[in-house]
Amino acid sequence: MSLVKLNIKGISYSQTQNGAYALILNEEDGDRKLPIVIGAFEAQSIAIALEKEISPPRPLTHDLFKNFADRFDIVVKQVIIHKLVDGVFYSSLICERDKIEEIIDARTSDAIALALRFQAPIFTYKNILDKAGIYLKVNPKKEDEESQDSILMDELVANELEVNEVRENFQGKTIEELQKLLEEAVTNEDYEKAAHIRDEISKRE
């Protein structure tokens, strides 16, 4: 599978959901955007790394990781967003020490916060971008682009909250109860709900 390089466009704040942020990544040689919902702490950490003039009085967690890595001659060479499951992106840090490479799993928001601090490139696989990338108008006006980002952000967060709510509702159910709910969902032709129930059953098995 071919890798696609991504650049960080910025962080968008939801106008309708307090405390919700999305990191917007741009395809380097294309017009697609890859939006990723992130938490407030990670948004702050990424924003500080993007704004070179801002320096917190004490190191944040990602700054501490960078200082620790520097002390022991560990370098983050690149970040790869390698998997997308149920709207959740999975990433890896490609690290090197003494010319030996290691791959470390990481949350995507953490991986990108570290990529910024190590000035490491960010990649994803073409099939992930084909699945989750979003086309916007070519060369839109700045105000149009900001409006599209806001709409995109609110839709993204609403979908994320809906999926999380569905997941939480299933966590307290037994396998037998989930099987029954699955049959009901299929009977009612609610295939999206059925897919979430099936995924929850698969995780437990």
Side-chain angles (χ1 to χ4, degrees), residues 3-29 32-125 128-129 132-134 142 145-146 149-150 152-154 156-157 160-161 163-164:
L3 287 172
V4 179
K5 189 175 182 182
L6 301 171
N7 295 320
I8 298 173
K9 180 180 183 297
I11 297 171
S12 180
Y13 178 72
S14 172
Q15 301 298 316
T16 60
Q17 300 291 338
N18 290 333
Y21 297 83
L23 176 66
I24 310 296
L25 302 174
N26 269 358
E27 179 182 16
E28 184 172 75
D29 297 320
R32 288 176 291 185
K33 293 183 178 183
L34 190 67
I36 301 172
V37 173
I38 61 175
F41 171 77
E42 291 78 10
Q44 178 192 49
S45 182
I46 291 169
I48 287 174
L50 288 170
E51 296 291 338
K52 303 296 184 182
E53 298 178 1
I54 299 176
S55 179
R58 302 184 68 188
L60 299 176
T61 303
H62 298 111
D63 298 318
L64 176 61
F65 185 102
K66 174 66 164 59
N67 295 339
F68 182 90
D70 287 345
R71 185 67 59 89
F72 292 95
D73 297 321
I74 300 168
V75 177
V76 174
K77 294 181 64 179
Q78 62 184 18
V79 165
I80 300 178
I81 303 171
H82 63 85
K83 187 168 66 172
L84 174 61
V85 179
D86 293 338
V88 178
F89 292 91
Y90 293 79
S91 295
S92 295
L93 302 173
I94 312 302
C95 305
E96 182 179 273
R97 181 171 184 264
D98 295 334
K99 296 183 179 180
I100 298 174
E101 278 194 0
E102 297 285 350
I103 300 175
I104 301 174
D105 286 336
R107 293 189 310 166
T108 298
S109 54
D110 290 329
I112 290 173
L114 291 172
L116 282 167
R117 286 162 171 81
F118 284 90
Q119 297 183 343
I122 302 164
F123 297 93
T124 191
Y125 288 109
I128 292 177
L129 196 57
I134 297 172
K142 182 173 178 57
E145 186 172 7
E146 289 176 351
D149 282 351
S150 178
L152 170 64
M153 172 63 189
D154 289 335
L156 183 68
V157 171
E160 182 78 6
L161 292 175
V163 169
N164 287 339

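If you read the sequence from its start, that first residue is 1, and numbering goes on from there.
Although no hydrogens or angles enter the test, the distance criterion places no donor-acceptor pair under 3.5 Å between the side chain of D70 and the main chain of N67. Using modelled atom types, one side-chain atom of T124 and one backbone atom of I81 make a donor-acceptor pair closer than 3.5 Å. Between the side chain of S45 and the main chain of A113, no donor-acceptor pair closer than 3.5 Å is present.
Contacts of S109 classified as side-chain hydrogen bond (donor to acceptor under 3.5 Å, both in side chains), with partners at least two apart in sequence or in another chain: none. The ring pair (Phe, Tyr, Trp, His ring centres under 6.0 Å) check on H62 picks up F41, with sequence neighbours excluded.
Rounding to the nearest 0.5 Å places CD1 of I122 at 9.0 Å from NZ of K5. The distance from the CD1 atom of I112 to the OG atom of S91 is 6.0 Å, given to the nearest 0.5 Å. Rounding to the nearest 0.5 Å gives a distance of 9.5 Å between CD1 of I128 and CG of L3. Atom CD1 of I36 sits about 12.0 Å away from atom CD of E42, to the nearest 0.5 Å. Rounding to the nearest 0.5 angstrom, the gap separating the CD1 atom in I38 from the CD atom in Q44 is 11.0 Å. Rounded to the nearest 0.5 angstrom, D110 CG and D105 CG are separated by 12.0 Å.
Across all their heavy atoms, Y21 and A43 have their closest contact at CG-CB, 3.7 Å. Of all heavy-atom pairs between F89 and A132, the closest is CZ-CB, 4.0 Å. Nearest heavy atom pair, residue D73 against residue R97, reads O-CG, 3.6 Å. Taking each heavy atom of N26 and K33 in turn, the nearest pair found is OD1-CG, 3.2 Å. In plain terms, the two heavy atoms of F118 and I74 that are nearest each other are CE2-O, 3.7 Å. Shortest non-hydrogen contact noted between L64 and P59 is N-CB, 4.1 Å.
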### Message
side-chain contact (heavy atoms from CB on, under 4.5 Å), that's the test. Do V4 and E28 meet it? Break it down for me.
### Response
CA-CA 8 Å; V4 179; E28 184 172 75; over 6 Å; no
### Task
Could you go through the side-chain contact (heavy atoms from CB on, under 4.5 Å) check for L34 and E27 one step at a time?
CA-CA 8 Å; L34 190 67; E27 179 182 16; over 6 Å; no
### Task
Apply the test side-chain contact (heavy atoms from CB on, under 4.5 Å) to residues L25 and I8: give CA-CA distance (whole Å), side-chain angles for both, the deciding distance (0.1 Å), then the verdict.
CA-CA 5 Å; L25 302 174; I8 298 173; 3.7 Å; yes
### Message
Does F123 form a side-chain contact (heavy atoms from CB on, under 4.5 Å) with V79? I'd like the steps, not just the answer.
### Response
CA-CA 6 Å; F123 297 93; V79 165; over 6 Å; no
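T108 places none of its side-chain heavy atoms less than 4.5 Å from the side chain of L23. When side chains are defined from C-beta on, E101 counts as touching I94, because their heavy atoms get closer than 4.5 Å.
Taking a cutoff of 4.0 Å between a charged side-chain nitrogen and a carboxylate oxygen, R117 and D63 qualify as a salt bridge.
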